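Heads up: the structure comes next, in structure tokens.
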Amino acid sequence: MAGEARQTALVNISEPREGRVIVSGELSFATAREARQTGLLVLEGSRADRIVIDCAAVTRADSAGLAVLLDWLAWGRRKSRPIDLQNLPASLVAIARISEVDGMLGAAS
């Protein structure tokens, strides 16, 4: 549902506009478990058929953050609700390339 925000101490995930999810703060080992669960709750609550996840406000990301994004993309495939990633941090794109999963990120990589 648009306008709903869920937050941990280091990461915030919200859908201020239907179909547009904003991730801010850290997507890291410290936040991965909570970010995954929170993100899935926000995605489940969205009424949009297609969802954009904007990562412009992500301040730090590591391989655990990449795993979270890949999990959200898998959720979208299972639910037949396409997810587009935007504004991925360069560090996250580099990890995806090294891990040879950059193709899974779509045009965002």
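Source: prediction; values computed, not measured.
In this structure, CD1 on I83 lies 5.0 Å from CG on L43, to the nearest 0.5 angstrom. Residue S63 holds its OG atom at 9.0 Å from CG of L92, rounded to the nearest 0.5 Å. Rounding to the nearest 0.5 Å gives a distance of 6.5 Å between OG of S28 and CG of L10. Residue R50 holds its CZ atom at 13.0 Å from CZ of R20, rounded to the nearest 0.5 Å. The line from CG of D71 to CZ of R36 is 4.0 Å long, rounded to the nearest 0.5 Å. Taking CZ from R17 and CD1 from I22, the interatomic distance works out to 7.5 Å, rounded to the nearest 0.5 Å.
The heavy-atom pair separating L70 from M104 by the smallest distance is CD2-CB, 3.9 Å. Of all non-hydrogen atoms in W72 and A35, the two that sit nearest each other are CZ2-O, 3.1 Å. The shortest heavy-atom contact between G39 and I13 is N-CD1, 3.8 Å. The shortest non-hydrogen separation linking G19 to A48 is CA-CB, 3.3 Å. When all heavy atoms of R81 and S46 are compared, the closest pair comes out as NH2-O, 2.7 Å. Nearest heavy-atom pair across A61 and I95 is O-CD1, 4.4 Å.
Within the 4.5 Å cutoff, the side chain of L88 has no heavy atoms near those of the V58 side chain. By the 4.5 Å heavy-atom criterion applied to side chains, D102 and V93 are not counted as neighbours. A heavy-atom distance below 4.5 Å is not found between the side chains of Q37 and L41.
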From CA spacing to verdict: side-chain hydrogen bond (donor to acceptor under 3.5 Å, both in side chains), T31, E26:
CA-CA 7 Å; T31 65; E26 291 187 20; 5.4 Å; no
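Judged by distance alone, with hydrogens and angles left aside, the side-chain atoms of D84 form no donor-acceptor pair with the main-chain N or O of I53 at under 3.5 Å.
Each of L69, V23, V52, I51 was evaluated against L85; a single residue qualifies, L69, per the side chain to side chain contact (heavy atoms under 4.5 Å, CB included) test.
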